[in-house]
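This report refers to the structure that appears directly beneath it.
Lettering follows sequence order; numbering is per chain, from 1.
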Amino acid sequence: MADNGDNDSQHRVNEGDYVVLKRGDIYKSVQIQKKKKTVFEKQWFFLDNAVGEFYGTTFEVVTGGTLQPRKPKHVESSADAKEAGTDNRNILDDGKSQKLTRDDIETLKEQGLKGQEIVQQLIENSTTFRDKTEFAQEKYIKKKKKKYENSVTVLKPSCRVLAMMYHSREPGKICHMRYDTLAQMLTLGNIHAGSKVLVFETCAGLVLGAVMERMGGYGSVVQMYPGGGSVRAGVESFGFPSHFHDTLHEFPICHVNALLAGALDTEAKDIDADAGQANGDKSNLTQTDPGKAESKEGSPDKEDQSMETSTSTDPAEDKEREEREKLREIRGQEKKVKMEAKRKKLAAAAAVLEGRNADGLVIASRFHPCPVLLGLIKFLAPSRPFVVYSQYKEPLIECYTKLREQGGAVSLRLTESWIRHYQVLPNRTHPMLLMSGSGGYLLSGTTVATDTPKTGSTRGEEPAAKRLKLTETTEG
Amino acid sequence: MSFVEYSEFIQEGDVAIIFLGHDSMMPVKVQQGSQTQTRYGVIRHSKDLIGQRFGTKVTCGKGGWVYVLHPTPELWTLNLPHRTQILYTTDIANITMMLELKPASVVCESGTGSGSLSHAILRTIAPTGHLHTVEFHQQRAEKAEEEFREHRVGHLVTVRNQDVCKEGFGVTGVADAVFLDIPSPWEAVQHAKNAMKRQGGRLCSFSPCIEQVQKTCAALADEGFEEISTLEVLLKVHDVRTITLPLPDFGPDRPLETPTDTPVPSNTSVLCKTTTPPREMAGHTGYLTFATKPRV
């Protein structure tokens, strides 16, 4: 089972791969496309040279915008600073210590000096550097390196990296969900290979992708989505192998009630799989009266075309019209095929949901969680976990209250995760100076069989006296 | 039933979690003819459990009832017999994500302890991954092995009774991730490095004391690990409560008017739905240090 050279190809960057660029704590998800300019941290460069290299390689951005793999010598040359002071009592912060001007530094950059070399120049031209303490010197070098370094690391995408990226770059897109909260969700939801998980999220696909990563391509995931189609940009960034998508279904929530009532006819040709396009794709029906627009595209189109046929006898015009008609017919057929494929997908998703035996439910959206939870929890089998994320606490209080009232869930917990990072250096170990204010809230619980009696109430079978005692002690 | 796969019905030999009420649960080993005593009365396995669906309500001897739940690593963590101090779900969740564990991952862990994290790892790496877990205490190692078998996850794990600091994990070049929860993790860093795959991997060390963290970070840097990062996580629980707030009485609203005969009804208190924190909470479990081993 030891690692051998044959597997190396899967660890190399390929064109078309989704990767994550990293510099320090900054991450960015991009797709490798040759000859395409990528911008990252105010720098423009081409990713061409990354193709064929191993994931995890660090590159230098050289003038011209090309990447060069960095030699792994990585010498921490701070040991060169032999001279150091003891404290800062005589150091004046007058902004005049650095002799190099902004223009000087720009010139150095244009000359092609590497980040390391620029930092060296700054040290040599600083009047106060040798008076600083060793710690202060290290801190100074670290700070300058961060500012002038030119390196980019190419990483393989993972939930960890993408969750941190989204949280620091575009928290609004993921409802301000912090990565440790996402970690809780995946574990509390017992997301694992082989299960059937329902996901309702408006987090750009990050949560969906995270769930899929933990499923490893086994089992099935049903993405429930609100009107307008499912958003899956985040899922692309994970770079899953194509067979993972075979396990991913989607189902528009506008059909949930029908499905629960057993009234969803997925065989009907006019079933609308795209909730956001109530009248079907209008592109082919531009010439028809929208008032008569039906989802049976094939026939109305043709009929309308023939109705529009004028009685002109110009042969050239006739030929043109013929060709136009042919095109419309082809497009009409394509449209039909597409709609049929969509209908099939919808039917497949409905089949997965119908059994009401899903193994897990994950909700993370900008929608009010209460109706979402109460609606979707019906699809879960008994003794299965559910997790609801909300940026705010109050909506979850409502969920908690309603669930307690209606029953069917135990171990309800409203929690908030708190995280703190540390700087660990000899004699300089302390928590970081800034920390995240909040990462959102979670409501978690486990479903249980509901007392839906087939004949009469099971409650009535128990002696009244015992029932009273139980309601005191059993807080479900 | 298994800890890595759900099943619908309770069978002989299963482990089930009996849910008695708020924060009160207990594990049972389901066996024909067995009985389990609860405060609500006796549960007869053959009649009440075997063949029933997980999640159903079971009526006990005295007339009270309980729920029978399918085991999960999270429920196991809350109910397992402690042979050592264990890791709880909050830390486990972050470890799982930060180590990038997923199906097919190969993981090395030491010490096994009571198996709390082990079960969570097994759940995540199934069905194609493997866990190599090392425990230097012989009885604990044996008990862990026994439990993994009972929980039907034995095929995914290898338990080794040895000292990881001296002998390593027993495998080399196979691990995607290494986890250390031992008194002197800096002594195991080199072994961890050897156990990991050539293309690299992730490492996590859990230590209660900051001095241990400092030594470990220094050792990791010396061995060429990158992205070294230390953090701690805590869970704040919010208890949902309806509270009653009495309203003050400042006297009648319109004192200068002649009082009418009909008395004006006043609300003396307001109900408020809110959350309160528990009186005390877990303040510290341990520091989590993560690092990446680069490709060799």
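Counting heavy atoms from C-beta on, the side chains of B/Arg295 and A/His11 come closer than 4.5 Å. By the 4.5 Å heavy-atom criterion applied to side chains, A/Thr187 and B/Arg123 are counted as neighbours. Side-chain contact between B/Phe19 and A/Val448 is absent, with no heavy atoms from C-beta onward closer than 4.5 Å. Within the 4.5 Å cutoff, the side chain of B/Phe54 has no heavy atoms near those of the A/Pro382 side chain. Side-chain contact between A/Arg384 and B/Thr72: absent, with no pair of heavy atoms (C-beta onward) separated by less than 4.5 Å. A/Thr446 places a side-chain heavy atom less than 4.5 Å from the side chain of B/Leu69. Annotation: side chain of A/Thr415 is not in contact with side chain of B/His238 (no heavy-atom distance under 4.5 Å). Proximity of A/Tyr55 to B/Gln199: side-chain heavy atoms (C-beta onward) are nowhere separated by under 4.5 Å.
In this structure a side-chain-to-backbone donor-acceptor pair under 3.5 Å is present from A/Ser383 to B/His70. Listed for the A/Glu416 side chain is no donor-acceptor partner under 3.5 Å among the backbone atoms of B/Val237.
Chosen from B/Thr124, B/Thr89, B/Ile210, B/Thr90, the residue pairing most often with chain A at heavy-atom distances under 4.5 Å is B/Thr90. Contact tally against chain A (heavy-atom pairs below 4.5 Å) for B/Val68, B/Leu99, B/Thr230: the top residue is B/Thr230. Residue with the most contacts toward chain B among A/Asn357, A/Asp359, A/Asn190, A/Leu442: A/Asn190 (heavy-atom pairs, distance under 4.5 Å). Highest contact tally toward chain A, considering only B/Thr274, B/Thr275, B/Thr56, is held by B/Thr275 [criterion: heavy-atom pairs under 4.5 Å].
Sparse packing is recorded around CZ of A/Arg413, with 12 or fewer heavy atoms of other residues, nucleotides or ligands lying under 6.0 Å away. The neighbour count for A/Glu53 CD, taken as heavy atoms of other residues, nucleotides or ligands under 6.0 Å away, is above 12. By the neighbour-count criterion of 12 heavy atoms within 6.0 Å, atom CG of B/Asp222 is densely surrounded, having more than that number from other residues, nucleotides or ligands. Surrounding CZ of B/Phe9 are more than 12 heavy atoms belonging to other residues, nucleotides or ligands, all under 6.0 Å away. Heavy-atom contacts from other residues, nucleotides or ligands closer than 6.0 Å to NZ of B/Lys273 number more than 12. Surrounding NZ of B/Lys236 are at most 12 heavy atoms belonging to other residues, nucleotides or ligands under 6.0 Å away.
Heavy atoms closer than 4.5 Å to chain B are found in both the backbone and the side chain of A/Arg214. In this structure, the portion of B/Val4 lying under 4.5 Å from any heavy atom of chain A is its backbone and not its side chain. For B/Arg53, the part lying under 4.5 angstrom from a heavy atom of chain A is the side chain only. Heavy atoms of A/Leu425 lying under 4.5 Å from chain B belong exclusively to its backbone. Using a 4.5 Å cut-off between heavy atoms, A/Met215 touches chain B through its backbone atoms (N, CA, C, O) alone. Proximity to chain B (any heavy atom under 4.5 Å) is shown, for A/Tyr179, by both the backbone and the side chain. When heavy atoms are compared at a cutoff of 4.5 Å, B/Glu74 approaches chain A solely by way of its side chain, counted from C-beta outward. Proximity to chain B is limited to the side chain of A/Ser158, based on heavy atoms less than 4.5 angstrom apart. Residue contact with chain A, scored on non-hydrogen atoms closer than 4.5 Å, is absent for B/Arg241. Using a 4.5 Å cut-off between heavy atoms, B/Ser229 touches chain A through its side chain atoms alone.
For the atom pair CG of B/Asn94 and CD1 of A/Ile419, the computed distance is 5.5 Å after rounding to the nearest 0.5 Å. Of the inter-residue distances, the one linking A/Asp180 atom CG with B/Asp91 atom CG reads 11.0 Å to the nearest 0.5 angstrom. For the atom pair CD of B/Gln214 and OH of A/Tyr422, the computed distance is 11.5 Å after rounding to the nearest 0.5 Å. Interatomic distance, A/Leu155 CG to B/Thr292 OG1, rounded to the nearest 0.5 Å: 8.0 Å. Between the CD atom in A/Gln184 and the CG atom in B/Leu235 there is a gap of 5.5 Å [rounded to 0.5 Å].
Using cut-offs of 30° and 60° for the angle between ring planes, the A/His192 and B/Tyr6 rings count as tilted.
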Should A/Val410 and B/Tyr67 be marked as a side-chain contact (heavy atoms from CB on, under 4.5 Å) after you check the CA-CA gap, both sets of side-chain angles, and the distance that decides it?
CA-CA 9 Å; A/Val410 298; B/Tyr67 286 107; 4.0 Å; yes
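Across all non-hydrogen atoms, the minimal contact from A/Ala193 to B/Ala126 is CB-O, 3.5 Å.
Electrostatic pairing of A/Arg160 and B/Glu100 counts as a salt bridge here, judged by a charged N lying under 4.0 Å from a carboxylate O.
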